[in-house]
Amino acid sequence: MRLDLRPLALGTLLALACAPPNPGAAYPTAEPPLGDPRALGAGDVLGRVVDVDGLLRAFPFERWSASVASDRLFFVEAQDRVTLKALDLSDEAVTDPAAAPALAELTGPHRELDAVLHARGRSDAWLRFGAQSGRGGLARLDLTAGVITDHAADHSIHAADLSLDGERLVYLASTPAGRACVFLREASAQASARALLCDTPELTFDGASILLAADRPELYFVGHSEGDQGRAQILALDLSAKRLEAKPITDPKTRRRAPVLVGLLDRDTLLFIADDEGSQNLFTYARRGQGLRQITRLREDISSAVLLDAGVFVTFGSAAVGTTLALVDPRSGRILGQQRDPGRARLLGGHGRRAVWTVEAVQRPFAAHLATFTAAADGGAPTLADRRLLGPDERAQAHLVHCTDEVVKIPTFDQDPATGRTRELHARLLRPRAPVEDDDRRLAVIRAWDGGEPRYERLDHLLCAAGVIVLSPTLRGASSLGPGLRALGGRDLGGDEILDLFAAARWAAATLALTPRQLGLYGEGRGAYAVLRAMTYETDTPAAAQPGFGFGIALSGRYDLEGADPRPAWAHAPQLAARLQERSPLTHLERLAAPVLLVWGDRDPFAPTNGAAELTAAARARGLPVTELVLRGEGPAPASISARLTFMQAVLTFLEDRARAR
């Protein structure tokens, strides 16, 4: 088939993440004994039995990573053991992930897998992990023996790239000394990786993108002028030069967030994504001729892109209406074809004529596709052969999906000066398919932080299975709202995005006819901080006035902001220390009145030492209603099914207690 040539749909924006610049730290290595999860297979909450075990085991596959050049689709199977597996993309008969060969068991921080780098014909692969927790790691996997060996374990890995032949690995990492350096590891050399170049206060290296040229000794990566996160620039490093020097190829005076490197069109032209004019668009830089050019002008962010022989395959979209997949001419920026998907689509990788893309939505847990482009004989748009690789079947869907989905808009507390209209937040309202009939036992949970996207979350469906309503708003400063509302969150952690949560609470109370006792907050990481910040906020001002929250659930939060690491990059500015201390929930813990469930893993390198344990101890000393759950052997999020069952059972028990409270 051909991609549809419909006009572009314009809307709000998706964004690209950047790893923060934090020094590395070693992870603990002791592995705890496994428990028996079968005893926690179901939970009785709100008058119904919830099949937690079925929800987790029906399709226990996640953390997908494609190496299209080597015909491998890597993924994790999370059962009682957490296992790395791979499917062969060249074999059309292989569509069952459960039958895929196991490559290695993942333990400890390796369970936080971000990507697998693999070259065709190589008996080893490189694992990137831990970016979500703020300190990425890098490990080598022996595919024959299934043995994983950590590499530079005391470093924090921000970005990595592997040559097509697997002979060269480059990565950008922070060292224990606090400096970020570019490292090169050559397979033919006996020595470990060597640092090529380190940053300076005038030019810091902390971007989440690095690209190794295929046909010459050169690489590209991202840095910032004088540590200013708003002045990201692309740097080139000539590996053959006698004196290695990072040379900016973009104007350091231009305001932009961290660009994402896509590929080289030729020896002279680099393709990348940047937001020079607000939205994430495609740019090219040519040493000779036209220099820097913006080749697309979309009003929705390009969220992922791969360079193929037929053009640039991109995804762009909005939190409200879904994602567009499009093929773009990399020279002119012309859209060669496109199609809209109502879910959240993203590209995992591509090479030659093929690309792997996935899509998920609230009511569609997951699907992976292999797209193959063929040049049209008539010179028109290339044809696309799209093969669905895998996804849950109807039986699995019955275990996985318990919510209905509705896109809503929530008026917040301020006005847009450009239009004079009250600002609105996009949100998703997830209602249980089988709602609770007793009005007094109805509960609603508001997700704190980057909600609103059409993506699948198991916890949402656990809550819906228990009869709990889920409201998932996208707060200002979040990554999927576009440059306008996204920029409003800059240097304002714990500020106006908390007022957005209050606006969501007011909307939920009025629209869903709920009392404060029935409204709760849930968040992970930064969202967990938002939960405790909202529940200890001074609410005397009109913008903060809200009906109150009856409970909170926080997973892997960092609450002592002044001492926390990692923090948002801007938080390292010394002049902001007083503001961070003032906005820490620990500073105003006496305001906490509603029950809170605090959850963290004892192998999470941040939560125990930067807030969660301290907050729990301080709350207990004051007799405050805080319940803790420490997941033994887990990092920032539970990975094994036994840990997830424990976590979900604790959530259900906590909610049952809230429903019975009067």
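In this text, all values refer to a predicted model and were calculated from it rather than measured experimentally. Throughout, residue positions are numbered sequentially from 1 according to the sequence presented.
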Practice problem: Look only at the side chain of Arg442 and the backbone of Asp438, and say whether a donor-acceptor pair between them is shorter than 3.5 Å. | Solution: no
Self-check item: N-O pairing of Arg476 and Glu497 below 4.0 Å
Solution: no
Quiz item: What's the verdict on side chain to side chain contact (heavy atoms under 4.5 Å, CB included) for Ile148 and Phe129, showing C-alpha distance, side-chain angles and the deciding distance?
Solution: CA-CA 12 Å; Ile148 299 175; Phe129 56 90; over 6 Å; no
Practice problem: Give a yes or no answer on whether the side chain of Asp500 reaches the backbone of Leu475 with a donor-acceptor pair at less than 3.5 Å. | Solution: no
Self-check item: Pro638 versus Leu631, closest heavy-atom pair with distance
Solution: CB-CD1, 3.8 Å
Quiz item: Can you say whether the rings of Tyr537 and Phe502 are parallel (under 30°), tilted (30 to 60°) or perpendicular (over 60°)?
Solution: perpendicular
Quiz item: With a 6.0 Å cut-off on ring centres, are Trp64 and Phe366 close enough?
Solution: yes
Quiz item: Between Asp96 and Leu390, does a side chain to side chain contact (heavy atoms under 4.5 Å, CB included) hold up when you go through it step by step?
Solution: CA-CA 7 Å; Asp96 181 6; Leu390 52 92; over 6 Å; no
Practice problem: Please tell me if the side chains of Leu430 and Ile469 come closer than 4.5 Å, counting only heavy atoms from C-beta onward. | Solution: no
Quiz item: Are any of the side-chain nitrogens in Asp80 or Arg57 under 4.0 Å away from the carboxylate oxygens of its partner?
Solution: yes
Quiz item: Would you call Leu598 and Thr627 a side-chain contact if the rule is heavy atoms closer than 4.5 Å?
Solution: no
Self-check item: Contacts of His369 that satisfy ring-ring contact (aromatic ring centres under 6.0 Å, His included) - sequence neighbours left out
Solution: Trp357
Quiz prompt | Minimal non-hydrogen separation, Pro473 against Ile410, with atom names | solution = CB-CD1, 4.4 Å
Practice problem: Examine the side chains of Thr324 and Arg340 and answer whether a donor and an acceptor come within less than 3.5 Å of each other. | Solution: yes
Quiz item: Within a strict 4.5 Å, meaning less than it, do heavy atoms of the Leu629 and Thr646 side chains meet?
Solution: yes
Quiz item: Does Asp341 reach the main-chain N or O of Leu325 with its side chain, forming a donor-acceptor pair under 3.5 Å?
Solution: no
Self-check item: Stepwise side chain to side chain contact (heavy atoms under 4.5 Å, CB included) test for Leu73 and Leu348
Solution: CA-CA 9 Å; Leu73 178 60; Leu348 296 187; 4.0 Å; yes
Self-check item: Considering all heavy atoms, the nearest Ala594-Gly550 contact
Solution: CB-O, 3.5 Å
Quiz prompt | Shortest non-hydrogen contact from Tyr456 toward Ala361 | solution = CB-O, 3.4 Å
Quiz item: Got Ile553 and Val651 here, is their nearest side-chain heavy-atom distance under 4.5 Å?
Solution: yes
Self-check item: Distance (rounded to the nearest 0.5 Å) between Leu512 CG and Leu429 CG
Solution: 6.0 Å
Quiz item: Any sub-3.5 Å donor-acceptor pair from Arg128's side-chain atoms to His158's backbone N or O?
Solution: yes
Quiz prompt | Counterpart residues, ring-ring contact (aromatic ring centres under 6.0 Å, His included), relative to His402 (two or more places apart) | solution = none
Self-check item: From CD (Glu457) to CG (Leu463), nearest 0.5 Å
Solution: 11.0 Å
Practice problem: Enter the distance from Asp657:CG to Leu652:CG here, rounded to the nearest 0.5 Å. | Solution: 11.0 Å
Quiz item: So, are Asp440 and Arg660 salt-bridged, with charged N and O less than 4.0 Å apart?
Solution: no
Quiz prompt | Distance-only donor-acceptor check, side chains Gln518 and Thr515, under 3.5 Å | solution = yes
Exercise. Begin with the C-alpha distance, continue with both residues' side-chain angles, and end with the deciding distance and a verdict on salt bridge (charged side-chain N to carboxylate O under 4.0 Å, His left out) for Arg620 and Glu628.
Key: CA-CA 10 Å; Arg620 283 178 172 173; Glu628 67 172 346; 2.7 Å; yes
Practice problem: Output yes when Glu360 and Arg455 qualify as a salt bridge under the 4.0 Å nitrogen-oxygen rule, no when they do not. | Solution: no
Quiz item: So how far is it from Arg81 CZ to Arg111 CZ, rounded to the nearest 0.5 Å?
Solution: 8.5 Å
Practice problem: Would you confirm whether Thr536, through its side chain, and Leu589, through its main-chain N or O, come within 3.5 Å as a donor-acceptor pair? | Solution: no
Exercise. Measure across Pro585 and Leu615 and return the closest heavy-atom pair with its distance rounded to 0.1 Å.
Key: CB-CD1, 4.3 Å
Exercise. Nearest 0.5 Å please: distance from the CG atom of Leu127 over to the CG atom of Leu106.
Key: 7.0 Å
Quiz prompt | Heavy-atom side-chain proximity of Trp449 to Arg526 below 4.5 angstrom | solution = yes
Quiz prompt | Closest heavy-atom pair and its distance - Asp114, Gly130 | solution = OD2-N, 3.1 Å
Quiz item: Is there a donor-acceptor pair closer than 3.5 Å between any side-chain N or O of Arg346 and the backbone N or O of Ser303?
Solution: no
Quiz item: Would a distance-only check, ignoring hydrogens and angles, find a side-chain to backbone donor-acceptor pair under 3.5 Å from Arg48 to Ala434?
Solution: yes
Quiz prompt | Gap separating the CG atom of Leu56 from the CZ atom of Arg458, nearest 0.5 angstrom | solution = 6.0 Å
Quiz item: Any sub-3.5 Å donor-acceptor pair from Lys409's side-chain atoms to Ala427's backbone N or O?
Solution: no
Quiz item: Does Arg644 pair with Glu62 as a salt bridge, N-O distance under 4.0 Å?
Solution: yes
Quiz item: For the residue pair Tyr522 and Phe647, does the interplanar ring angle fall in the parallel (under 30°), tilted (30 to 60°) or perpendicular (over 60°) class?
Solution: tilted
Exercise. State which residues pass side-chain hydrogen bond (donor to acceptor under 3.5 Å, both in side chains) with Gln397; sequence neighbours excluded, sorted by chain then number.
Key: none
Quiz prompt | Any residue meeting ring-ring contact (aromatic ring centres under 6.0 Å, His included) with Phe61, in chain and number order, not counting sequence neighbours | solution = Phe59, Phe75
Quiz prompt | Derivation of the side chain to side chain contact (heavy atoms under 4.5 Å, CB included) call for Leu521 and Leu501 | solution = CA-CA 9 Å; Leu521 286 174; Leu501 278 178; 4.0 Å; yes
Exercise. Could you tell me whether the side chain of Val408 reaches within less than 4.5 Å of the side chain of Trp507, counting heavy atoms only?
Key: yes
Exercise. Indicate yes or no: at least one non-hydrogen side-chain atom of Asp602 is less than 4.5 angstrom from one of Glu634.
Key: no
Quiz item: Do Val445 and Leu471 touch side chain to side chain, with heavy atoms closer than 4.5 Å?
Solution: no
Self-check item: Donor-acceptor under 3.5 Å (Ser304 side chain, Leu347 main chain)
Solution: yes
Self-check item: Backbone N/O of Gly343 and side chain of Thr323: donor-acceptor pair under 3.5 Å
Solution: yes
Practice problem: For Asp405, check side-chain hydrogen bond (donor to acceptor under 3.5 Å, both in side chains) against everything at least two apart and list the hits. | Solution: Arg428
Practice problem: Give every residue pair that meets the salt bridge (charged side-chain N to carboxylate O under 4.0 Å, His left out) criterion with at least one member in residues 460-473, sequence neighbours excluded. | Solution: Arg447-Asp460
